[in-house]
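By convention in this document, chain letters (A, B, ...) are assigned in the order of the sequence lines, proteins followed by strands, and residues within each chain are numbered from 1.
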Amino acid sequence: MANPIRVRFAPSPTGYLHIGSARTALFNWLFVRKHGGTMILRIEDTDKQRSTDESTRSILEGLEWIGIDWDEGPYYQSAYVDRHRSAVEQLVAEGKAYRDFTPRQATDDKTVKADIADRARANAGEKVRNPYRDLDAAESDRRAADGEPFAVRLKVPDEGASTFVDTVYGDQTVDMKSIEDLVLLKSDGSPLYNLSVVVDDIDMRITHVIRGRDHVSNTHKQILIYRALDAEPPTFAHLPLIFAPDRSKLSKRKHGPVVSLTTYRDRGFVPEAFRNFIALLGWSPGTDEEVMSLDELIAKFSLEGINRADAIFNFSDADDRTWTDAKGLWMNAEYLSKALPEERILGLVEGELRSKELWSEEYAANGPRHDWYRSTVDLLRARARTIDDFSVNNRAFWADDYPIDPKAKAKNLSDPKTLELLAELGRRYESLEPFALETAESVLRAYADEAGVKAGVLINGSRTVLTGSPVGPGIFEVMMALGKSRTAERLQGAAQVTAGRESV
RNA sequence: GCCGCUAUAGUGUAACUGGUUAACACGCUGCCCUCUCAAGGCAGAGAGUACGGGUUCGAGCCCCGUUAGCGGUACCA
């Protein structure tokens with residue numbers, strides 16, 4: 001028999017997949033992959049106003065990018081509204097829910113919070129009893145049959161308390177008095193979130209609900225619905241939230257693309273690294289380990305290791321170097337430079353080069369320059385922070401039309417004499433045999449002596465001419481990667497190479 | 001307003017059933033290497049655990065209160 005554990009990730013398609021949802025999905029996934037069981041994807045698209053196919057696509061893409069798959073679905077919640085409605089009818093028939101004929105009041109999205117507080121203050125904290133709660137069943141049926149519009153509410157007990165054990169937060173108790181008779185079905189006949197979720201979770205035989213802690217108060221209501229439906233509630237585990245540096249909720253409107261997963265894909269993040277990074281937002285294996293492979297994450301993951309305090313996703317839009325959380329950037333660099341197996345990074349760089357039209361089939365696994373490609377990637381990966389570093393900062397390794405950093409030029413090539421020296425160095429390299437790490441270095445140093453300049457002048461000048469950049473790997477390694485002819489040519493043409501090619 | 005949750009360096013997290021000087025990582029600063037660096041190596045600063053009480057030989061861990069932040073309180077999801 002199959003493992004009975006069944007979890008679901010249930011995003012609503014009202015925007016792209018953001019960091020918080022991605023982490024929720026990841027935790028569900030790690031949990032089910034660790035214990036065995038079934039991962040279900042359910043798109044909660046009942047809000048027709050805000051749901052879009054584009055959002056659904058973007059969410060699926062995001063999940064795929066970060067390596068989360070699912071065993072069932074995607075199911076679309078809107079397909080089950082009939083089920084939701086019939087569950088409500090059943091509850092009404094059983095007297096567990098009732099029709100509320102109070103005329104619908106228009107709600108304004110912008111002022112709901114204030115309205116709620118005002119109404120609560122007016123009621124002085126007392127639960128107001130709905131006048132239709134005890135309406136005679138026959139009369140209720142008659143008025144409904146007459147076509148009078150109504151909403152359906154659940155009969156919440158007047159006395160007692162609602163209690164459940166949250167795997168992360170422990171015992172959760174709330175007085176029934178603080179839960180009002182929640183609406184199950186709107187007067188236009190559409191079911192409400194709490195009802196739909198419960199019916200679907202029952203039908204899909206969900207055993208563990210892992211979601212953000214903004215749902216804890218919903219959980220009390222949902223458990224009441226489970227009970228009313230004679231179903232056993234699943235195990236609940238709520239997750240701390242992820243905030244922006246100002247402790248506000250991460251949102252597209254306020255924080256822009258930094259919260260979207262696709263941004264990370266498009267800006268050169270390695271999915272393994274990003275996944276590793278967000279796994280650590282609110283969870284820890286209890287040890288010092290941070291860089292963990294997928295298998296390690298699965299092996300070490302546990303709901304008990306989840307921290308209860310909300311986490312801050314620490315980015316700053318003021319500085320481009322910290323456009324996203326510095327630790328995420330570090331994690332990515334860690335994967336690019338060390339953690340990724342060679343085959344994987346070769347593939348990632350290939351994708352990057354292809355997208356910039358810098359790829360050559362000669363670099364392919366069976367191509368003549370595959371060894372060169374491999375050693376070049378190996379040389380460059382130590383300094384890479386994002387995948388596009390390979391094509392942007394290191395364009396000179398793949399093409400001849402690389403830009404020259406103006407600051408590097410000003411610093412290393414301001415003296416016209418240097419350009420002449422570099423040209424001569426290029427000529428000497430042209431006839432150098434063999435062109436190797438040691439010989440290239442000794443030729444350069446000897447020539448520096450001869451010319452009466454410090455070796456650093458030729459070294460830094462060479463780096464600027466050869467790569468256009470003020471920084472990079474050891475210069476002789478760069479020369480070996482470029483090869484004799486390209487090195488010699490670029491140096492000989494130092495003046496032309498660096499003329500009018502300043503980048504910003 | 002009411003209900004609930006949380007509180008350990010700037011950030012992410014540790015600290016076994018209360019037990020040395022509160023640890024690790026990112027970030028920051030400095031030094032070293034050296035041909036440069038956003039690479040590598042080393043070192044350092046930075047919290048006395050939100051605040052106030054209490055229990056205890058001993059409290060970041062337990063209890064009470066306060067404060068702050070957050071979540072919820074909808075015919076939103």
Original post:
Among all residues two or more places apart in sequence or in another chain, which pass the side-chain hydrogen bond (donor to acceptor under 3.5 Å, both in side chains) test with A:Thr487?
Top reply: none
Original post:
Expressed in whole Å, how much space separates the C1' atoms belonging to B:C63 and B:A59?
Top reply: 11 Å
Original post:
Over how many whole Å does the gap from A:Asp288 atom CG to B:A14 atom P extend?
Top reply: 11 Å
Original post:
Under a 4.0 Å N-O cut-off, is there an ion pair linking A:Glu148 with A:Arg99?
Top reply: no
**OP:** Report the distance from atom CD of A:Gln172 to atom C1' of B:C3, rounded to the nearest whole Å.
**Re:** 12 Å
**OP:** Could you check how far CZ of A:Phe315 sits from C1' of B:C26, rounded to whole Å?
**Re:** 17 Å
Original post:
Roughly, in whole Å, what's the span from OH in A:Tyr169 to P in B:C5?
Top reply: 11 Å
Original post:
Is the centre of the A:Trp330 ring less than 6.0 Å from the centre of the A:Phe274 ring?
Top reply: no
**OP:** Mind checking side-chain hydrogen bond (donor to acceptor under 3.5 Å, both in side chains) for A:Arg133 and listing every partner two or more places apart, or none if nothing turns up?
**Re:** A:Asp181
Subject >> Within 45° cone of A:Phe150 ring axis and under 6.0 Å: A:Arg143 NZ or CZ >> reply: no
Subject >> Where at least one partner belongs to residues 435-471 of chain A, residue pairs that pass ring pair (Phe, Tyr, Trp, His ring centres under 6.0 Å), sequence neighbours excluded >> reply: A:Tyr429-A:Phe435
**OP:** Give a yes or no on whether A:Asp53 atom CG has more than 12 heavy-atom contacts from other residues, nucleotides or ligands under 6.0 Å away.
**Re:** no
Original post:
Base, sugar-phosphate alone, or nothing: which one does A:Gly461 contact when heavy atoms must sit under 4.0 Å apart?
Top reply: nothing
Original post:
Listed by chain and number, what are the salt bridge (Lys or Arg N to Asp or Glu O under 4.0 Å) partners of A:Lys254, not counting sequence neighbours?
Top reply: A:Asp246
Original post:
Taking atom C1' of B:G40 as reference, at what distance in whole Å does atom CZ of A:Arg381 sit?
Top reply: 15 Å
Original post:
CD of A:Glu54: more than 12 outside heavy atoms within 6.0 angstrom?
Top reply: no
Give each protein N/O atom lying under 3.5 Å from an N/O atom of nucleotides 48-50 of chain B, with the pair distance.
none

**OP:** Whole angstrom is fine here: how far is it from CZ in A:Arg308 over to P in B:G4?
**Re:** 17 Å
Subject >> Distance in angstrom units between A:Lys177 NZ and B:G4 P, rounded >> reply: 13 Å
Subject >> Per-nucleotide protein contact string for nucleotides 29-39 of chain B, where B marks a base within reach and S marks sugar-phosphate only (heavy atoms under 4.0 Å, - for neither) >> reply: ------BBBBS
Subject >> Secondary-structure string, 5' to 3', Watson-Crick or G-U under 3.5 Å, | for another-strand partners, for RNA chain B >> reply: (((((((..((((.....[...)))).(((((.......))))).....(((((..]....))))))))))))....
Original post:
Which residue pairs satisfy the salt bridge (charged side-chain N to carboxylate O under 4.0 Å, His left out) criterion with at least one member in residues 7-23 of chain A, sequence neighbours excluded?
Top reply: A:Arg8-A:Asp201
**OP:** Please measure how far the C1' atom in B:A39 lies from the corresponding atom in B:C33, and state the result in whole Å.
**Re:** 12 Å
Original post:
Which listed nucleotide (B:G27, B:G12, B:A14) is nearest to the side chain of A:Glu290?
Top reply: B:G12
Subject >> Sequence-distant partners of A:Lys221, side-chain hydrogen bond (donor to acceptor under 3.5 Å, both in side chains), two or more places apart >> reply: none
Original post:
Residues in side-chain hydrogen bond (donor to acceptor under 3.5 Å, both in side chains) with A:Arg395, at least two apart?
Top reply: A:Asp401
Subject >> NZ/NE/NH1/NH2 to OD/OE distance under 4.0 Å, A:Arg83 and A:Asp203 >> reply: yes
Original post:
How does each nucleotide of nucleotides 61-77 of chain B score, in 5' to 3' order, for protein heavy atoms under 4.0 Å: base (B), sugar-phosphate only (S), or none (-)?
Top reply: --------SBSSBBBSB
Original post:
Which residues in residues 16-24 of chain A have at least one heavy atom lying under 4.0 Å from any atom of RNA chain B?
Top reply: none
Original post:
Is the A:Tyr80 ring parallel, tilted or perpendicular to the A:Tyr75 ring (thresholds 30°, 60°)?
Top reply: perpendicular
Original post:
When the ring planes of A:Tyr226 and A:Phe236 are compared, do they come out parallel, tilted or perpendicular, using 30° and 60° as the limits?
Top reply: perpendicular
**OP:** Send over the distance from A:Asp118 CG to B:C2 P, rounded to a whole Å.
**Re:** 14 Å
**OP:** Using a strict 4.0 Å threshold on nitrogen-to-oxygen distance, state whether A:Asp158 and A:Arg129 make a salt bridge.
**Re:** yes
Subject >> Base orientation of B:G48, syn vs anti, 90° cut from 0 >> reply: syn
